[in-house]
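Beneath this line is the structure, given in structure tokens, with notes to follow.
Every chain is numbered from 1 and lettered A, B, ... according to where its sequence line falls, protein lines coming before strand lines.
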Amino acid sequence: MSAPAIEVRGLRRVFRVRQGLFASPREVVAVDDVSFSVPAGSVLGVVGESGCGKSTLARLILGLLEPSAGDVLVDGQRLGGMDRRARARLIQPVFQDPFASLNPKRRIRDIVAMPLIAQGDVARADIDRRVGEALDRVGLSREQGTRFPAQLSGGQRQRVAIARALVLRPRIVVCDEPTSALDVSVQAQILNLLAELRRDLGLTYLFISHNLAVVEHIASEVAVMYLGRIVERSESERLFAAPRHPYTRALLASVLTPEPGLGVPDVGLGDTMPDPANIPPGCRFHPRCPVAIAKCSTEAPRPTADAAGLVECHLA
Amino acid sequence: MSALLEVADLRVTIGSTAAVRGASLTVNKGETHCLVGESGCGKSITALSVMGLLPRGAVRETTALRFAGEEIGRYGERQMERLRGDRMAMIFQEPMTSLNPAYTVGSQMTEVLRRHRGTPRAQAVDRAAELLARVGITAPGLRLGQYPHQLSGGLRQRVMIAMALMCDPELLIADEPTTALDVTVQAQILRLLAGLQKDLGLGILLITHDLGVVARVADRVSVMYAGEVVESAPTAALFAAPEHPYTRGLLTCVPVPGKVKRDEPLGSIPGVVPRIQPGFAGCGFRDRCAQANAACAGTIPRREAAAGHEVLCTLPPGWGGAAAA
């Protein structure tokens with residue numbers, strides 16, 4: 001097998017936040033010693049609640065943020081120090097809100113052309129041709145290419161964002177909540193499109209979502225993040241069939257499938273909300289954990305890895 | 001069961017858009033009625049119509065709008081003000097936009113009671129603390145003195161719910177109350193609402209786009225599309241035997257763990273929700289519908305597929321067989 005499409009080693013990112021005018025800045029560890037690799041052509045889903053560090057992880061892997069420690073390797077090459085244009089040819093983002101990520105004053109075809117123009121060495125004729133191909137790929141017409149973002153629906157705008165991500169023919173696409181702002185019928189269209197593109201173009205996805213059902217549908221492997229750490233990672237079928245971390249179990253329990261008569265489950269997490277600026281000692285999940293034992297509040301569990309994945313829990 | 005809220009043939013026009021086109025629904029005492037649909041289908045406008053909170057320039061017509069047996073359709077602003085926050089209350093998706101950032105939780109919560117009932121401050125504070133505890137907030141005394149920005153999203157939504165309950169309403173309208181929350185917190189808030197409803201006998205009109213939420217909390221479901229209620233049924237019947245092509249399509253779009261294999265396409269509905277202009281005739285879904293025929297451009301019959309299960313469609317009931325499981 002060739003080099004993994006994405007490899008992350010000991011990745012850490014610390015933010016310094018000042019919480020008052022005279023308060024000394026505090027450190028928020030958004031991503032804490034995260035390591036994993038994603039084989040080429042597969043999809044790693046990353047799930048977790050807001051504030052767990054999943055979007056920071058995406059930005060680190062895209063090279064939009066500098067890590068405080070650790071390395072990101074994309075296609076076998078270190079991201080740090082890589083030329084921006086070379087990086088753009090390898091890895092591209094698709095973000096949640098297609099309204100916020102598309103310039104409202106530019107025509108669709110110009111938005112999609114921008115990564116090619118930024119490369120600086122693509123001929124005008126090639127740009128037009130490749131923009132046309134990218135629009136075809138995502139199911140937009142040439143005529144739609146002449147419009148402005150405000151003239152398109154949410155689903156069409158997300159297609160534009162995908163076309164822009166694909167126009168440089170990258171190997172890897174980082175999707176950060178790509179369907180969260182969309183209606184269900186449109187979400188299904190976009191998920192189907194992403195799956196088809198991955199198959200046809202041999203793409204690798206890092207797919208970040210808070211929606212576990214969506215992740216289950218698209219990801220071959222799933223990583224569960226809690227307060228900056230990956231607390232469980234495994235092949236998708238196994239994670240959904242036999243979750244090992246109590247947090248994973250709670251997340252799965254809170255998925256409301258459209259099955260009447262089952263009521264709303266008690267996920268058993270209590271009231272304490274996780275605060276990234278105030279990470280508890282011991283296991284960081286212990287204040288909410290329904291099965292915590294004494295050791296959990298004092299001693300941080302080490303990750304145990306086997307062929308099938310990784311779990312970080314004293315009880316697993 | 002007796003009807004708490006009855007809306008008959010509601011029509012709302014905003015500028016050149018027919019936002020609601022003849023919607024009817026009933027919420028009984030102690031019942032949760034879910035209004036489900038995609039953005040722009042008219043569900044929020046329906047809720048705001050009931051509360052008398054439509055945007056300026058919106059025109060509302062109904063043949064009946066009854067609350068607890070009383071026709072409120074002709075109520076003026078004064079009379080509606082007396083009803084809102086008192087006998088009918090509403091909670092919204094994003095609590096941060098409906099809580100005033102400049103006032104403490106306590107002063108906002110007590111204002112409702114002081115205004116509607118003239119309750120003395122000390123008593124109102126007691127009631128607020130009691131309700132915060134009721135919605136599962138530990139240390140209510142501390143929270144009363146805090147400002148909205150000091151609370152997490154889940155706590156803010158609990159505060160909104162507690163505030164809505166200050167005057168013991170009979171009807172609670174909740175517009176996407178858990179959409180902005182994490183799934184774990186969503187489950188807690190929905191359990192809380194279900195518990196409150198059982199204890200207080202509330203009628204709830206819950207607006208959501210999430211069919212998972214609908215399946216788990218609703219007694220009755222109305223599916224809205226392009227300003228119309230296209231299907232209405234008891235929850236179990238709607239999921240077991242959906243009749244309207246839109247309802248059926250919507251159900252196949254939702255990814256359910258273990259149901260559709262990875263890389264097999266999910267069902268999807270081609271096209272987008274149309275913007276309907278006044279004077280539009282026929283079925284609003286026909287351009288996206290695989291079953292559409294010539295009759296769909298005419299007047300659409302409202303048919304009864306089973307007792308209490310109504311469909312707005314030209315197709316005969318049972319046309320597609322049972323739901324694809």
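- For the pair A/V264 and B/Q188, the minimum side-chain heavy-atom distance is 4.5 Å or more.
- In terms of modelled atom types and a separation under 3.5 Å, the side chain of A/E49 and the main chain of B/T184 share no donor-acceptor contact.
- Residues A/P258 and B/V256 meet the side-chain proximity criterion, which asks for heavy atoms closer than 4.5 Å.
- By number of non-hydrogen pairs under 4.5 angstrom with chain B, the leading residue of A/A213, A/G154, A/S180, A/A241 is A/A213.
- Looking at A/S50, the atoms closer than 4.5 Å to chain B (heavy atoms on both sides) sit in the backbone and in the side chain alike.
- There is no contact between A/E196 and chain B, counting heavy-atom distances below 4.5 Å.
- When the candidates A/L252, A/I218, A/V267 are compared by the number of heavy-atom contacts under 4.5 Å with chain B, A/I218 comes out ahead.
- Ranked by heavy-atom pairs under 4.5 Å with chain A, the list B/G40, B/P257, B/G37 is led by B/P257.
- Shortest non-hydrogen contact noted between A/G263 and B/R216 is O-NH1, 2.8 Å.
- In this structure, chain B has heavy atoms under 4.5 Å from both the backbone and the side chain of A/D266.
- Using a 4.5 Å heavy-atom threshold, the side chains of B/V183 and A/L251 count as touching.
- Side-chain atoms of A/Q189 come within 3.5 Å of backbone atoms of B/I269 as a donor-acceptor pair (strictly under, hydrogens ignored).
- By number of non-hydrogen pairs under 4.5 angstrom with chain B, the leading residue of A/A195, A/P265, A/G155, A/G261 is A/P265.
- Contact annotation for B/L250: only side-chain heavy atoms (C-beta onward) come within less than 4.5 Å of a heavy atom of chain A.
- Contact of B/V214 with chain A is not made at all, since no heavy-atom distance falls under 4.5 Å.
- The shortest side-chain heavy-atom distance between B/K261 and A/H217 does not fall under the 4.5 Å cut-off.
- Distance CD1/A/I190 to CG/B/L266: 12.0 Å, rounded to 0.5 Å.
- Between chain B and the options A/L212, A/V255, A/D183, heavy-atom pairs under 4.5 Å are most frequent for A/D183.
- Considering only heavy atoms from C-beta on, B/Q186 comes within 4.5 Å of A/L256 through its side chain.
- A/E216 has its side chain out of reach of B/P255: every pair of non-hydrogen atoms, C-beta onward, lies at least 4.5 Å apart.
- With values rounded to the nearest 0.5 angstrom, A/S254 atom OG is found 11.0 Å from B/L190 atom CG.
- Only the backbone of A/A219 has a heavy atom closer than 4.5 Å to any heavy atom of chain B.
- Chosen from B/A218, B/G249, B/C253, the residue pairing most often with chain A at heavy-atom distances under 4.5 Å is B/C253.
- The one candidate from A/L191, A/N192, A/V184 that meets the side chain to side chain contact (heavy atoms under 4.5 Å, CB included) condition with B/S268 is A/N192.
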